[in-house]
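Just below is one structure, and these are the notes that go with it.
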Amino acid sequence: MRKLVALPVLSADALSSVAYGPEALLAVLVLGGSAGLSYSLPVSLAIVFLMLAVGVSYRQTIRAYPKGGGSYIVATDNLGRIPGLVAAAGLMTDYILTVAVSISSGTAAVTSALPQLSGDIVPIGVLVIAVLLAGNLRGVRQAGALFAAPTYAFIIAVLAMMAVGLHQAAGRGFTPLPTPPSHAVEGAGLLLVMRAFASGSTAMTGIEAISNAVPVFQPVTWRNARTTLTWMIGLLIALFAGTVAIAHLNGVLPESKETVLSQLAHHSFGSGGMYVFTQTATALVLLLAANTAYNDFPRVLFLLARDNHAPRVFLRLGDRLAFSNGVIVLSLAAAVVYIAFGGLTASLIPLYAVGVFLAFTLSQSGMVVHWWRSRAKHWRKSLCFNATGALLSAIVFVTAGITKFTAGAWLALVAVGLFLLVTTRIRRHYDMVTAALRLHTQTIEIPSRSISPRSCDAPPAAPPVPPPATGPSGSGEENGESEDSPEEISHLSVVLIDALHQASMRALAYAASLQQPVLALHVSASDEDAERFREAWHLWGDHLPLRIVISPYRATVAPLIGYIGSLHHQRPDLTITVILPEIVVRHWRHRLLHSPLGGRLRRALRPLPKIVVTTVPFHV
């Protein structure tokens, strides 16, 4: 991906936060009256310094993880499994709230321009989530100028608004306009300033997106990613600081019926075409920011499932090569949160900062450990940058957790705790099943001769099958099911093997006991996985013919149906019995952790005649 395309696509989440970050900052300071509002510029400068420090620290992450280094990967590699899970919990909370907050803020941008829709923000938001769900289930992806346009339009609109606002302020000697009357409801003390700092810091969400997506850049990938990150941080700082400055100069305060950005656009452009352009660009970039979560959330679930911390159904790609199950979970969670908080951005912000900065803190702490262990070139400088980012992120996390605890931050903390409990229990169950399925030493027969790569690559011989059976008339039935006696039925047993373990051995033994031709069938995600399985198969003794189907997108059912369908087409006289090993667990809740492949295959193969699907249970 070129930098000019990667910048708007990967920066949409971070840059769109300008639509609600400054407003969240002012919404807290206004509670302290004019004394509280006097802190808007100093607090904004502190947030700008935080953006700069975290941005520089993520530049070090890109250098250390040129294949992509998200918080879960970095924390797990350097801090351990539990910190990695906590980072994943923060990330997933962040992605769910990204959808909810972006849509609520985008809806607010629409209702600011069209006040008659203000009473329908909840159904509008739910409709948008439904559209995002449908689009992503069909495999919509962020790419190209189509998705770059909203971000560039938003940048142009905000920069133009800032330029006009500064020009107007210069005409009056940069004298701030008086703010509307506001009455202090609490003291403008340290607690208020800390809350405002935590709220305004939500403008930093999405900063780590580029470090996650390093491989999508053109070569040299890590260098182009670092350059793009630098541009993103520079734009974010300029848009955030400029918006707060213009709001201060124009005396704009948050209102329930109109966003701060809408008020500033009215001040700069009136109600003409540029105002409509600004609001439209804002709504579109927020929609694009919500869609970025649909790319990242399912991938985190995929990584968790790969490490046995989430149900393995999240490893599976849908027909459109999208992680459909993850997309559905994200949509349901975001819709529940959006509806529960009435689609109000101000109510959702307290939950937002906790997940964002928890992931930031653990990611940057992991990078400190990484540099300390590796002692690579310039490691001391990189360690200092990452340590600064980790410290400042931890300060924001603790500040948000304490100052916004009763406002909703407690819910995010509880969600992280529940996530940790569930994922560790899932891992414990999978470990127990793995131990139960482990082959005994005597099961594997070590061959007396070594196996050369040529013999591993050579396709196995086809299973011996009987000649086509003939009916009473003496002619074979092409596609019919007219056999009415055992002698007329010709069998082939196809045993589906995902790995060599006790359950698959039992299925193979069952198939062999039928004294009919047997073919073992395995689906691999890559040639490397296929080679590893062939080696294990040879170690077992290569007792049965083996076929391996390569499915690079981790789909299972479609390749199996295709292969079995081709067998049926070649030998329509055969009755093919598809045999699957099935893990049977004691508790109903554990059934969700094991894919019901048998039922899916039965439904898919039902249209084909002379196909029998049976399962061989293995109880754990």
Side-chain angles (χ1 to χ4, degrees), residues 65 68-100 208 212 293-317 323-334 336-337 351-352 354-366 369 393 397 401 409-437 498-499 554 583 585-596 620:
Y65 285 85
S71 295
Y72 172 66
I73 295 175
V74 174
T76 302
D77 285 353
N78 300 288
L79 302 178
R81 184 161 56 91
I82 297 301
L85 289 175
V86 175
L91 274 180
M92 297 179 76
T93 304
D94 176 23
Y95 293 140
I96 291 170
L97 288 169
T98 292
V99 176
E208 94 159 359
N212 288 340
Y294 280 89
N295 291 325
D296 296 331
F297 181 92
R299 294 189 182 279
V300 175
L301 268 180
F302 168 82
L303 294 174
L304 289 167
R306 185 195 63 184
D307 296 338
N308 290 335
H309 290 299
R312 289 173 181 165
V313 294
F314 294 115
L315 291 172
R316 191 169 63 239
L317 285 168
F323 292 105
S324 305
N325 295 315
V327 168
I328 293 170
V329 170
L330 174 60
S331 299
L332 292 175
V336 168
V337 171
L351 286 77
Y352 209 5
V354 173
V356 173
F357 285 95
L358 177 59
F360 283 178
T361 302
L362 290 170
S363 174
Q364 298 310 306
S365 299
V369 175
S393 297
F397 168 69
W410 67 270
L411 185 58
L413 295 172
V414 168
V416 170
L418 288 175
F419 178 88
L420 190 61
L421 176 65
V422 171
T423 51
T424 52
R425 286 186 175 273
I426 290 175
R427 174 63 180 260
R428 186 184 308 169
H429 171 76
Y430 280 135
D431 288 345
M432 182 269 292
V433 172
T434 300
L437 293 175
D498 62 334
R554 293 185 179 271
I583 306 298
V585 293
R586 295 181 181 179
H587 304 291
W588 66 267
R589 62 181 180 274
H590 291 153
R591 296 174 193 166
L592 301 175
L593 304 180
H594 299 277
S595 176
V620 295

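Because only heavy atoms are used, hydrogens play no part in the values below, and waters and symmetry mates are left out as well, while side chains stay in.
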* For the atom pair CE (Met92) and CG (Leu85), what is the distance rounded to the nearest 0.5 Å? -> 11.0 Å

* Measure the spacing between CE of Met432 and NE2 of His590 and express it to the nearest 0.5 Å. => 6.5 Å

* **Option passing side chain to side chain contact (heavy atoms under 4.5 Å, CB included) with His309 (candidates Tyr72, Phe419, Tyr430)** => Tyr72

* Does the side chain of Leu330 reach to within under 4.5 Å of the side chain of Tyr294, using non-hydrogen atoms? -> yes

* Asked: Of all heavy-atom pairs between Pro311 and Ala305, which one has the smallest distance, and what is that distance?
  -> O-CB, 3.5 Å

* Compare all side-chain heavy atoms of Leu437 with those of Ile583 and state whether any distance is below 4.5 angstrom. => yes

* Does the side chain of Phe297 reach to within under 4.5 Å of the side chain of Thr98, using non-hydrogen atoms? -> no

* Asked: How far does OG of Ser363 sit from CG of Leu358, to the nearest 0.5 angstrom?
  -> 11.0 Å

* Starting at CG of Leu593, measure out to NE2 of His587 and round the result to the nearest 0.5 Å. => 12.0 Å

* For atom CZ of Arg425, decide whether the heavy atoms of other residues, nucleotides or ligands shown that lie under 6.0 angstrom number more than 12. => no

* Less than 4.5 Å apart, any side-chain heavy atom of His594 and any of Val433? -> yes

* Tell me, do Asn308 and Ile426 make a side-chain contact under 4.5 Å, heavy atoms counted? -> no

* For Ala412 and Leu351, which heavy atoms make the closest approach, and how far apart are they? -> CB-O, 3.8 Å

* **Atom of Ala436, atom of Val620 and distance for their closest heavy-atom approach** => CB-CG1, 3.8 Å

* Nearest heavy-atom pair of Gly84 and Ala75: which atoms, and what distance? -> CA-CB, 3.8 Å

* Nearest atoms (heavy-atom pairs only) where Ala359 meets Ala87 -> CB-O, 4.1 Å

* To do: Of all the heavy-atom pairs spanning Pro298 and Ala293, show the shortest one and how long it is.
  => CD-O, 3.7 Å

* To do: With rounding to the nearest 0.5 Å, note down the distance linking CG in Leu413 to CG in Leu418.
  => 11.0 Å

* Does some side-chain heavy atom of Asn212 sit less than 4.5 Å from a side-chain heavy atom of Arg299? -> no

* Asked: Looking just at side-chain N and O atoms, do Glu208 and Ser71 make a donor-acceptor pair shorter than 3.5 Å?
  -> yes

* To do: Supply the atom-to-atom distance Phe357 CZ to Leu362 CG, rounded to the nearest 0.5 angstrom.
  => 13.5 Å

* Tell me the side chain to side chain donor-acceptor pair (under 3.5 Å) pairs involving residues 409-424, sequence neighbours left out? -> none

* To do: Would you mind reporting whether Val354 and Thr93 have side-chain heavy atoms less than 4.5 Å apart?
  => no

